[in-house]
Amino acid sequence: MNKEKIPYKIYLNEDEMPKAWYNLRADMKQKPAPLLNPGTLQPMKAEELSGVFCEELIRQELDDNTAFFEIPEEIHNFYKMYRPSPLVRAYCLEEKLQTPARIYYKFEGNNTSGSHKLNSAIAQAYYAKKQGLKGVTTETGAGQWGTALSMACSYFGLDCKVYMVKCSYEQKPFRREVMRTYGASVTPSPSMETEVGKKILAEHPGTTGSLGCAISEAVEKAVSSEGYRYVLGSVLNQVLLHQSIIGLETKAALDKYGVKPDVIIGCAGGGSNLGGLIAPFMGEKLRGEADYRIVAVEPASCPSFTRGVYAYDFCDTGMVCPLSKMYTLGSGFIPSASHAGGLRYHGMSSTLSELYHQGLMEAVSVKQTEVFEAAEYFARIEGILPAPESSHAIRAAIDEAVRCKETGEEKTIIFGLTGTGYFDMVAYGKFHDGEMNDYIPTDEELAASCAGLPKVE
Ligand SMILES: *Cc1c(COP(=O)(O)O)cnc(C)c1O
């Protein structure tokens, strides 16, 4: 092959690691809509959020104008244990596809939690510790966030209480044990530990839970326990801010070799990895300095961008959280069982929602079996066994590279490889045994779940 000499893996040096996170909102003319108090429908003030969230994180959440937040030294030191993460040129994949496209992926699976979630977990644990808190509560679906947070909490000596969606708790005992290894307590949700859990169990006996429901439990536990706050692993602005390290490193590595991407692709659950990966590129786009195609990839079973509505909605099933304006399927939407647990959320980051609404990014949805075909193909060719969530981005990147083959375009494609799939082998097994389904919600189902949206006007 006659390709220019770019290393297989571009590693930045430690001293080239970003010293500050980049806040994409600072460059948005039309800012994301503010969180609203569900009672008064007025924008949430810092004081109203302080019973639930850590103070410094609230400041980051509400700040639409500061472009850079310095990364505290303690967090930077932790990052150094597993960052900078490699930006990999997928030479083998390119060759296999016989595409003129250049494909790169930013690999975030190089840490024990196995995903990018550790980037924000360590920041959130740090600010909780600095505030003098005893511990934090959270929910986890597939388990990656809970795992990342337990690692972060054990590093800073904080207590960590995780409400894990019951079906995952039962199906993913290994993730649960990793969390306990790092000292977290893990409770299957819904549980009898909280009022909201009891209520949900009374209404739906035998339910195996949902993310929205576990959020309600974790929030209730935080506000009713002295010295605790609640933390969330995606969706929020602060999480996108911390994840900007992914994009900043990617851009620094590309700049080092003079490479300019044409298309940037990421899977989208709550939007944190995608928001982080695209941050500096979208910043250039917003400032009119460069142009990129940016593509969010979501599961056809939970299509918030492609089939949702842009409206204020609750972030949780129990309706205790603030209202967020976002692309949503309705907080009562229960997606069909999907093996990409990290993408089964009814809503989307308000920042990405606003950017999508302004036409600054695109979205596509892909079916589960197509995703696992891409996952297996990628594993065999590039060696890494990808997480089902990440494989959504792989699917879209392969499709794009195949289109380039047809048109002869030498595009440069970057995608986010958010994590590894070692704890998802039951899902891979279902795929191999031909037992995987591609359930897609009907228009009627989506209309019904959106009919319950709160009235905000
Ligand atoms: C949680 C998760 C996602 C999806 O979450 P975002 O907030 O949309 O990034 C994607 N990939 C992996 C591996 C995850 O753990």
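For the numbers below, each heavy atom of this structure counts, side chains included, while hydrogens, waters and symmetry mates do not. Just follow the structure's listing: the first ligand is 1, and inside any ligand the first atom is 1. Everything quoted here is computed from the prediction, not taken from an experiment.
- For ligand 1, the atoms closer than 4.0 angstrom to any heavy atom of L343 are 4 (C).
- Among the atoms of G269, some N or O lies under 3.5 angstrom from an N or O of ligand 1.
- Within the cation-pi definition used here (under 6.0 Å to the ring centroid, within 45° of the axis), K260 qualifies as a partner of Y292.
- At a heavy-atom cutoff of 4.0 Å, ligand 1 is contacted by the side chain of S115 but not by its backbone.
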Derivation and outcome, side chain to side chain contact (heavy atoms under 4.5 Å, CB included), residues T147 and Y182: CA-CA 8 Å; T147 311; Y182 284 96; 5.5 Å; no
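- Only the side chain of K117 comes within 4.0 Å of ligand 1, judged by heavy-atom distances.
- Nearest to atom 4 (C) of ligand 1 among the protein's heavy atoms is G342 O, 3.4 Å.
- For ligand 1, the atoms sitting less than 4.0 Å from at least one non-hydrogen atom of C267 are 10 (C), numbered in the order shown with element in parentheses.
- Interface atoms of ligand 1 facing S234, defined by a heavy-atom separation under 4.0 Å, are 6 (P), 7 (O).
- Within the structure, ligand 1 has H116 among the residues with a heavy atom less than 4.0 angstrom away.
- Residue contacts with ligand 1: E389 is placed with no nitrogen or oxygen under 3.5 Å of a nitrogen or oxygen of the ligand (distance criterion only).
- Shown in contact with A268 at under 4.0 Å from a heavy atom are these atoms of ligand 1, numbered in order with element: 8 (O).
- With a heavy-atom cut-off of 4.0 Å, V239 does not touch ligand 1 at all.
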